[in-house]
Amino acid sequence: MLHALLRLFLLCGLLVSGWAQALQLTATRLWPSPDYTRITLEATQPVAYKFFTLANPDRLVIDLEGVEPSTALDSLAVQLTPDDPYIGSIRVGMNRPGVMRLVLDLKTAIKPSMFLLPPLSQYGHRLVVDLYPAQPATATLPAAPTQPAVAQPSKPAKPGTLQYARLITVAIDAGHGGEDPGASGANGSREKDITLALAKKLKQKLDAQENMRGVLIRDSDYFVPLVQRVVKARALKADLFLSIHADAFIKPHARGSSVFALSENGATSAAARWLAKKENEADLVGGINIDVKDPFLKRTLIDLSQTATINDSLKLRHAVLKEIGGVNKLHKSYVEQAGFAVLKAPDIPSILVETAFISNPEEEKRLNDPDYQDKLVDAIVDGIKAYFDKHPLTAPSRLTRNP
């Protein structure tokens, strides 16, 4: 009798333990992009997992330990679209007691990367699943115009006209994206949406210029790590790198536009230092696997013998700041510097434009106004043109130069 009671007690203990470990996912998100597809599984506590791949056909199998069925988990398959580059379908079901199995039917062989993120900002514990192509595709650049180079005029050009001898490529970086929404406005506007809308308009305006083109670092709602943004710009052999933001500040009355360049000697103001710190934390919010050693990191971030590049960046931002000042009040009447990680390309003049403070209700409203967006983008384009009027590019094109 005592032995039976002991067995019953132990069984109850195991059941209670199993119930205590069971959890439901609170949210699931699917972020397709040209470079990789990301799946995020969010819960109130860390999710234990195992995974393996199968071939013929290609599949990724993920076992989630202690995870119960939930509407959040069921919604993952609903989020899948036919144009996802890597995932054909998603199946979910209990594989065995205490183990929920997630099967991704793949369109091609992939290289998976999975890692856990601790709670941060508005997120709880996250399990991140990144699907990269098994064989990285050879980078292809957007088609460039084929018209011959413009000859230098024999007499001074009129103000506002460009004097360059080759195609100018501007890398346009829409800040934040995907898991990283950036700052939020009082009326629910998200920085990542504002910056993408402005980036697309800017590309359209630049493409309409003679011998200029804009290339988007991200063209839809997905996350790109800060270092990878720089790597992409260098792969494009960009002549300029322009990062667009619409940040928030601790005080809602803060307003105005700003233009920043990289500083190797500290920030020019407390606000610049605060903004740089906030932007540099984007990788923590968006989610990067810190166990992966990026082969470009040392080349991109440590090779900072870039005094000439910073000087060019300062000239560019002065030109852009002057034009933006005609559209919106300036937060500071001078160009500021700070240690923004996204500006650390060693050989590309780079600036970061804080278009306005999304935390200011009045400026949030303007940022969502298409007419105001057009004026802001026109000002940026005029600033870029003014920069190249004074500093025409006559060196061999980056389009044909080795990286």
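- Applying the ring pair (Phe, Tyr, Trp, His ring centres under 6.0 Å) test to residues at least two apart or on different chains, the pairs with a partner in residues 26-80 are Tyr36-Tyr132.
- Using a 4.5 Å heavy-atom cutoff, the side chains of Leu30 and Leu80 are in contact.
- Rounding to the nearest 0.5 Å gives a distance of 10.5 Å between CD of Glu323 and CD1 of Ile380.
- Remark: the His176 side chain and the Glu191 side chain contain an N/O donor-acceptor pair separated by less than 3.5 Å.
- Taking 4.0 Å as the cut-off between side-chain N and carboxylate O, Asp35 and Lys232 count as a salt-bridged pair.
- A salt bridge is absent between Arg126 and Glu42; no separation between the charged side-chain nitrogens and carboxylate oxygens falls under 4.0 Å.
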Walk me through whether Arg29 and Glu179 qualify under salt bridge (Lys or Arg N to Asp or Glu O under 4.0 Å).
CA-CA 8 Å; Arg29 293 177 291 276; Glu179 281 290 287; 2.5 Å; yes
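- Side chains of Thr108 and Pro133 form no contact here, defined as non-hydrogen atoms less than 4.5 Å apart.
- The stretch residues 193-206 participates, sequence neighbours left out, in these salt bridge (Lys or Arg N to Asp or Glu O under 4.0 Å) pairs: Arg190-Asp193, Lys201-Asp374, Lys203-Asp207, Lys205-Asp378.
- When all heavy atoms of Leu23 and Ala43 are compared, the pair lying nearest together is CD1-CB, 3.4 Å.
- The minimum heavy-atom distance between Gly383 and Ala319, with the atom names listed, is O-CB, 3.3 Å.
- Screening residues 77-91 for salt bridge (Lys or Arg N to Asp or Glu O under 4.0 Å), with sequence neighbours left out, gives Arg91-Asp105.
- The pair Asp63-Lys50 fails the salt-bridge criterion, with no side-chain N (NZ, NE, NH1 or NH2) lying under 4.0 Å from an Asp/Glu carboxylate O.
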Worked check of salt bridge (Lys or Arg N to Asp or Glu O under 4.0 Å) between Asp180 and Lys192:
CA-CA 8 Å; Asp180 175 23; Lys192 68 175 183 178; over 6 Å; no
